[in-house]
Amino acid sequence: MSLGKKFANIPRWVVSYVSFFAACWGAMFLMRFLFLFVYRAGITAEVVNNLPKAFYVGAKFDARLAMFIAVPLGLFVFFKSIFPSIPKICKKILAGFYSIVLSGVALTYAGDFGHYSYLSIRVNASLFKYLENALISIEMVWQTYPVVWATIGLIFVFLLAYKFAMFFINMGEPRKKDGWKKKTIWFMVLFVLSFAAGYGQVNQYPLRWSNAYFSSNNFVSNFTLNPILNIFDTFKFAKEESFNIDAVKKYYPIMADFLGVDKPDVETLNFERTVAPKNLGKKYNIVVIYMESFAWNKSSFSNTGKFDTTPFAKKLAEESVLFTQFYTPTSATARAVFAGVSAIPDVTSFKTSSRNPLIVNQHLIANELAGYEKFFFIGGSASWGNIRGILSHNIDGLHMYEEEDYASPRTDVWGISDWDLFHESDKVLAKQDKPFFAVIQTAGYHRPYTIPKNNGGFVPLKDLTQEEMTDHSFGGLEDVNSLRFSDYALGEFFRLAKQSPYYKDTVFIIFGDHGLSAPKSVNMPRGYVEYNLMNHHVPLIIHAPALLKPAVIDRTASQVDIMPTAASLVGAGYRTSALGRDLFDPKYFNKQGALIFGWSVYPPTISYVSGDYMYYDASGGEKGLYKFKGNDYNINLATTDPKLFTNMQDMAMGIYETSRYMLYNNPKREVKK
């Protein structure tokens with residue numbers, strides 16, 4: 001059979017759907033070349049190097065949108081092949097529908113060019129905010145753009161779109177009756193291909209907006225995005241109030257003092273601080289380790305005997321600086337990654353900041369580590385929580401390692417095991433001949449609590465009763481042994497590191513991404529349980545054999561303090577307009593405190609811990625001041641110590657409102673290489 005006859009044997013409805021999809025996809029792809037031509041002034045050598053990947057990822061976004069647009073036509077011509085008697089008026093209705101859709105697509109692309117020319121960012125859902133002042137917006141458009149000619153052009157596009165759609169609808173008219181087997185096979189083939197186009201990649205996670213931010217170059221990221229999908233991706237975030245400028249100004253004097261702002265100015269809301277570099281004789285490495293669910297109440301720092309669950313961490317702390325009152329602002333891993341690297345608490349009440357395309361552009365202290373190689377190691381995929389965007393886009397030259405980059409086998413839904421992750425990370429770090437900054441994010445202490453076959457001889461516990469485990473914050477044997485194995489893997493990493501030259505020249509920072517609640521927990525003060533502090537209280541261990549002597553520090557500290565502390569320890573100069581502070585800077589010793597943000601309830605709890613006291617907001621209920629560690633943890637001191645209550649409340653609301661503002665006003669800036 002000739003090639004022509006083979007194609008002639010393909011059902012016409014299949015040809016119609018595929019051709020329409022290809023035409024839409026091709027038109028969108030051509031728009032990328034037009035974008036590149038119009039804004040060619042932004043093309044640098046860095047952009048050129050990233051263009052092949054940008055075209056590839058961008059083409060997948062375009063294919064997704066083309067598939068969404070083509071599906072109604074595909075379904076129509078498919079059913080038309082089954083029921084040829086469908087009224088002709090239905091064809092005209094479908095063509096009219098596509099006149100609206102395709103005209104809208106064309107209008108969006110046109111608006112996108114204007115939006116990018118004006119703001120240097122692709123069009124997004126914040127465009128709808130102009131409708132709040134519709135008359136002013138209409139007047140501005142009338143005075144700025146050739147509205148009459150644009151309207152005439154839009155009418156022409158509308159008519160052209162009708163003809164365009166009708167052409168493909170008519171193409172799908174069946175000329176012969178195909179058997180049900182043939183139709184079923186073709187339908188299933190197209191269903192799979194359409195699903196693949198929508199899913200976008202061969203991965204545990206579908207194609208996400210953060211895939212467009214694989215480069216730290218803004219032009220590359222903007223070029224990769226699809227403007228219509230970008231509107232969809234940002235719509236759910238644009239509906240929320242971003243920040244309250246009046247509240248930010250109200251608390252600015254308090255926050256400027258708390259942060260030690262260099263040049264306070266309430267009008268410009270200046271939060272910038274500059275830390276001068278220190279000459280330590282050499283550049284020290286930084287390794288930041290997020291330990292999954294490394295909760296204080298479950299660790300060896302609060303448990304003994306059978307429940308000495310993290311013996312290595314406890315031993316390491318004896319050779320390090322241990323912060324006993326270290327808190328995470330929130331109780332979710334994606335929020336922890338954002339807070340740790342950005343030095344801003346993730347105080348969004350809708351999803352997480354890492355999932356918000358509107359705030360992907362952040363100035364990170366890690367990017368100011370001049371001359372450092374930068375690494376991020378995760379056992380699974382960085383598409384999880386869309387953390388890829390905040391990391392790859394803002395840290396220049398970041399080397400990101402994910403499960404497909406390792407030789408180690410996948411263990412479960414979280415990728416390779418912690419044991420293998422630490423081995424793979426050490427393998428890379430041991431080869432470095434330049435100073436490096438590395439983040440290692442573990443995930444093993446997480447359901448399904450998998451203990452891998454390759455576990456270095458780890459021996460699980462077996463002789464524990466359910467009552468004992470409940471009393472000590474655990475749900476069962478799998479829970480206990482998973483945490484023990486996570487600690488065992490951490491010990492293996494340090495065993496490996498000590499065999500490499502980089503060990504003695506490295507600052508290791510180990511902490512929990514968040515805590516874990518447990519209703520009984522007899523090993524903890526009752527106030528921790530009642531005020532849900534166990535979801536936030538985690539150990540912080542800073543191990544720097546060449547720089548720090550062992551110590552136990554009881555000052556209250558926050559997860560947002562990680563990066564300023566790390567950079568200061570290695571003597572790196574930096575600028576920051578975020579919330580984090582250097583934990584070893586004496587000027588902050590009498591200004592200790594940490595925000596506790598309970599995002600899982602509405603309205604969220606906005607609390608503050610400082611020393612032995614906690615300002616607690618019971619999610620829209622009673623607000624109180626408590627000494628949460630003592631037997632009198634449930635006595636509200638708001639009336640007996642109103643001054644302290646007011647100060648603690650102001651700090652809670654000040655950090656909360658300022659954090660909301662910083663999320664949208666901490667843009668990435670150029671730094672010296």
Side-chain angles (χ1 to χ4, degrees), residues 17 20-39 54-74 94-131 137 141 145 150 153-154 157-158 160-162 164-165 168 194-201 206-214 218-239 355-358 360 386 389:
Y17 173 63
F20 185 67
F21 165 81
C24 293
W25 188 15
M28 294 173 198
F29 197 65
L30 285 174
M31 292 302 292
R32 294 193 174 277
F33 286 96
L34 182 60
F35 184 94
L36 203 61
F37 175 77
V38 172
Y39 302 109
F55 267 114
Y56 170 67
V57 177
K60 294 198 291 183
F61 282 117
D62 296 340
R64 170 180 287 174
L65 180 58
M67 183 273 296
F68 287 147
I69 293 173
V71 161
L73 182 143
L94 182 60
F97 165 77
Y98 273 114
S99 294
I100 297 170
V101 170
L102 296 177
S103 297
V105 170
L107 184 61
T108 302
Y109 268 93
D112 177 57
F113 277 89
H115 194 272
Y116 189 83
S117 297
Y118 185 52
L119 298 173
S120 295
I121 56 175
R122 302 303 289 265
V123 68
N124 57 62
S126 61
L127 187 70
F128 296 115
K129 291 187 176 181
Y130 292 122
L131 297 178
S137 299
V141 170
Y145 300 103
L154 187 60
V157 170
F158 185 88
L160 189 65
Y162 183 89
F164 178 79
F168 288 100
S194 298
F195 179 83
Y199 199 80
Q201 58 184 6
L207 183 72
R208 291 175 171 173
W209 64 262
S210 58
N211 290 92
Y213 291 88
F214 66 88
N218 282 326
F219 183 89
V220 172
S221 299
N222 279 294
F223 173 75
T224 309
L225 289 168
N226 178 289
I228 295 172
L229 293 181
N230 197 42
I231 291 175
F232 175 80
D233 288 331
T234 56
F235 181 73
K236 48 188 174 289
F237 297 99
K239 292 187 296 183
R355 291 176 166 90
N356 186 351
L358 297 176
V360 68
N386 273 331

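We number each residue from 1, following the sequence as shown.
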Measure the spacing between [atom1] of [X] and [atom2] of [Y] and express it to the nearest 0.5 Å.
X: Leu65; Y: Asn230; atom1: CG; atom2: CG; answer: 12.0 Å
X: Phe29; Y: Leu34; atom1: CZ; atom2: CG; answer: 13.5 Å
X: Thr108; Y: Leu229; atom1: OG1; atom2: CG; answer: 11.0 Å
X: Phe164; Y: Ser99; atom1: CZ; atom2: OG; answer: 11.5 Å
X: Cys24; Y: Phe68; atom1: SG; atom2: CZ; answer: 13.5 Å
X: Asp112; Y: Leu107; atom1: CG; atom2: CG; answer: 11.0 Å

Handout entry: Criterion side-chain contact (heavy atoms from CB on, under 4.5 Å) on Ile100 and Phe158, from CA distance to verdict
Key = CA-CA 7 Å; Ile100 297 170; Phe158 185 88; 3.9 Å; yes

Handout entry: Full working for side-chain contact (heavy atoms from CB on, under 4.5 Å) between Met31 and Val105
Key = CA-CA 12 Å; Met31 292 302 292; Val105 170; over 6 Å; no

Exercise for the section: Measure up the Phe35 and Phe113 rings against each other and bin them: parallel (under 30°), tilted (30 to 60°), perpendicular (over 60°). Expected result: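 Aromatic pair Phe35/Phe113 classed tilted.
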
Verify, without hydrogens or angle tests, whether [X] (side chain) and [Y] (backbone) share a donor-acceptor contact under 3.5 angstrom.
X: Trp25; Y: Ala59; value: yes
X: Arg32; Y: Asp62; value: no
X: Tyr98; Y: Leu73; value: yes
X: Asn211; Y: Arg208; value: yes
X: Arg122; Y: Ile231; value: no
X: Arg355; Y: Asn386; value: no

Closest heavy-atom contact between [X] and [Y]?
X: Ser103; Y: Ala161; result: OG-CB, 4.3 Å
X: Thr234; Y: Ala125; result: OG1-N, 2.8 Å
X: Leu207; Y: Gly200; result: CB-CA, 3.8 Å
X: Phe214; Y: Ala54; result: CZ-N, 3.7 Å
X: Ser120; Y: Asn222; result: O-ND2, 3.6 Å

Handout entry: Centroid-centroid distance, Tyr116 to Tyr39, less than 6.0 Å
Key =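 Yes - the distance between ring centres of Tyr116 and Tyr39 falls below the 6.0 Å cut-off.
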
Practice task
Could you check Trp209 against Phe232 for side-chain contact (heavy atoms from CB on, under 4.5 Å), going step by step and ending with a plain yes or no?
Solution key: CA-CA 10 Å; Trp209 64 262; Phe232 175 80; over 6 Å; no

Handout entry: Note, Ile69 side chain near Leu102 side chain (heavy atom, < 4.5 Å)
Key =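 In short, these two side chains touch, coming nearer than 4.5 Å.
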
Practice task
Could you tell me whether the side chain of Tyr213 reaches within less than 4.5 Å of the side chain of Leu225, counting heavy atoms only?
Solution key: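 Heavy-atom side-chain distance check passes, below 4.5 Å.
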
Exercise for the section: Using ring pair (Phe, Tyr, Trp, His ring centres under 6.0 Å) as the criterion, point out the one residue from Tyr56, Phe37, Phe55 that pairs with Phe223. Expected result: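 Per the ring pair (Phe, Tyr, Trp, His ring centres under 6.0 Å) rule, the option paired with Phe223 is Phe55, out of Tyr56, Phe37, Phe55.
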
Handout entry: Counterpart residues, side chain to side chain donor-acceptor pair (under 3.5 Å), relative to Ser194 (two or more places apart)
Key =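 Here the qualifying residues are Tyr17.
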
Problem - Phe195: ring-ring contact (aromatic ring centres under 6.0 Å, His included) partners, not counting sequence neighbours - result: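 Scan of Phe195 (ring-ring contact (aromatic ring centres under 6.0 Å, His included), adjacent residues dropped) gives Tyr199.
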
